[in-house]
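Here is the structure we will look at.
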Number of protein chains: 2
Amino acid sequence: MSTDLLVAQLLDAAPDSTGAPIGALHRLLDDSAIDESDPAKSIAEAAALVGLSPTTLRYYERQQLVRPARNAAGHREYSALDLRRLVFIARMRLSGMSMQELTRYIALVDDGHTTQQERQQIMSAQRDRILHRIRELTLALEVTEYKIRTYGAPE
Amino acid sequence: MSTDLLVAQLLDAAPDSTGAPIGALHRLLDDSAIDESDPAKSIAEAAALVGLSPTTLRYYERQQLVRPARNAAGHREYSALDLRRLVFIARMRLSGMSMQELTRYIALVDDGHTTQQERQQIMSAQRDRILHRIRELTLALEVTEYKIRTYGAPE
DNA sequence: CTAGGGGTTGAAGCGCGCTCGAACGCAAGT
DNA sequence: ACTTGCGTTCGAGCGCGCTTCAACCCCTAG
């Protein structure tokens, strides 16, 4: 599996400083890499773009996360909108949001205007989880670097 | 599951600034919470101390991560050394190290002195993974906060 | 006309990291 | 004597997030 691709793209583009302006990041994938006027993409193309496998994209569709149109042959056609959503999904998965919560969120989005409050709650909870996770990792990082420094120390 | 306990302890004790001196942290769990002269702990006590379930501790033993002694009744007795190792294991798991890699590492530790080089490599790889993961999360955090800010925006 | 390379489906399988269930042992309290 | 509570073992089961399989379809190029 490699959601790695997507992140690689993002990380490469990011000016690497932690508190960098983020507007550019949004442009990067939401607006520039995905051109609204592009013809719809095949599942293989879409998968490559977001760094997932075609199989995973089909799986996400079964889970109701995306609903690409079909062409005459019954093949999926991912519109710019679909792709945008896929990018979002990939990011959220990557940040540790569960499929369950993500499907809930997407269902709310599809449900429309009256659901903003719950959506915002979901995202706030997600932000808190990310922050918590970052703190965990920062701590673990220190332990790991300590081990590296003390090299042959027991344990 | 709650490895949470352990981390909660650590996070509570940490002066919360990201680049804080870490020596204190080591003291906290490696030296103060685990007193060398304490009598050995039961599995329930040990589990509570590191924030894992007794079941998980048995599982870790099956995986050769720890080998507590047994008392006359065949019950496990976790020594200060065992507990120290459990704390380390919990931290490494929490930081995303796989069981496979962790068992490998522990096997090397148990093997002794001639394995320092590989151990150090494992830890370096782990450090890199943590750094990568933190960058991923930082990015996802920005996206999430963007969503929260723009609130009712689609997707 | 046929071979190849894309696509489709539904159902089953998998790897990870636990977690649970069943059957049992031991020691203390009432 | 017996219940309670903590421990033991082995093996099976589970939830998550994909991934694989088998059978089939469609289009194009040679």
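Letters go in sequence order (proteins before strands), and every chain restarts at 1.
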Requested in this report: Whole angstrom is fine here: how far is it from CD in Glu77(B) over to C1' in dT8(D)?
Outcome: 14 Å
Report task. Round to a whole Å and report the spacing from OH of Tyr78(A) to P of dG6(C). Result -> 17 Å
Query - Atom-pair distance (CZ on Arg62(A); P on dT20(D)), nearest Å - result: 13 Å
Query raised in the report: With sugar-phosphate meaning primed atoms plus P, OP1 and OP2, does Ala72(B) contact a base, only sugar-phosphate, or nothing at under 4.0 Å between heavy atoms?
Result: nothing
Requested in this report: Find which nucleotide of DNA chain C each of Ser53(B) and His75(A) is nearest to by heavy atoms, and output the residue with the more 5' nucleotide.
Outcome: His75(A)
Report task. Ignoring backbone atoms, establish whether Arg70(B) has a side-chain N or O less than 4.0 Å from OP1 or OP2 of dG25(C). Result -> no
Requested in this report: Grab the OH-C1' distance between Tyr59(B) and dG7(D) for me, whole Å please.
Outcome: 21 Å
Requested in this report: Check whether any side-chain nitrogen or oxygen of Arg58(B) sits under 4.0 Å from OP1 or OP2 of dT8(D), and answer yes or no.
Outcome: yes
**Report entry** CA sep, side-chain torsions, deciding dist, call: Lys41(A), Asp82(A), salt bridge (charged side-chain N to carboxylate O under 4.0 Å, His left out)
**Finding:** CA-CA 10 Å; Lys41(A) 293 209 171 356; Asp82(A) 294 327; over 6 Å; no
Requested in this report: Look at the side-chain N and O atoms of Arg76(B) and state whether any lies under 4.0 Å from the OP1 or OP2 oxygen of dT9(D).
Outcome: yes
Report task. Kindly compute the distance separating CG (Leu139(A)) from CD1 (Ile134(A)), expressed to the nearest 0.5 Å. Result -> 13.5 Å
**Report entry** Rounded distance (Å) that lies between atom C1' of dG5(C) and atom CD1 of Ile43(A)
**Finding:** 15 Å
**Report entry** Presence of Ser42(A) side-chain N/O under 4.0 Å of dG6(C) phosphate oxygens OP1/OP2
**Finding:** no
**Report entry** Length of the CE-P vector between Met97(B) and dC16(C), whole Å
**Finding:** 15 Å
Query raised in the report: Under 4.0 Å between a side-chain N or O of Tyr60(B) and OP1 or OP2 of dC18(C)?
Result: yes
Query raised in the report: Rounded to whole angstrom units, what separation is found between the CE atom of Met92(B) and the P atom of dG17(C)?
Result: 15 Å
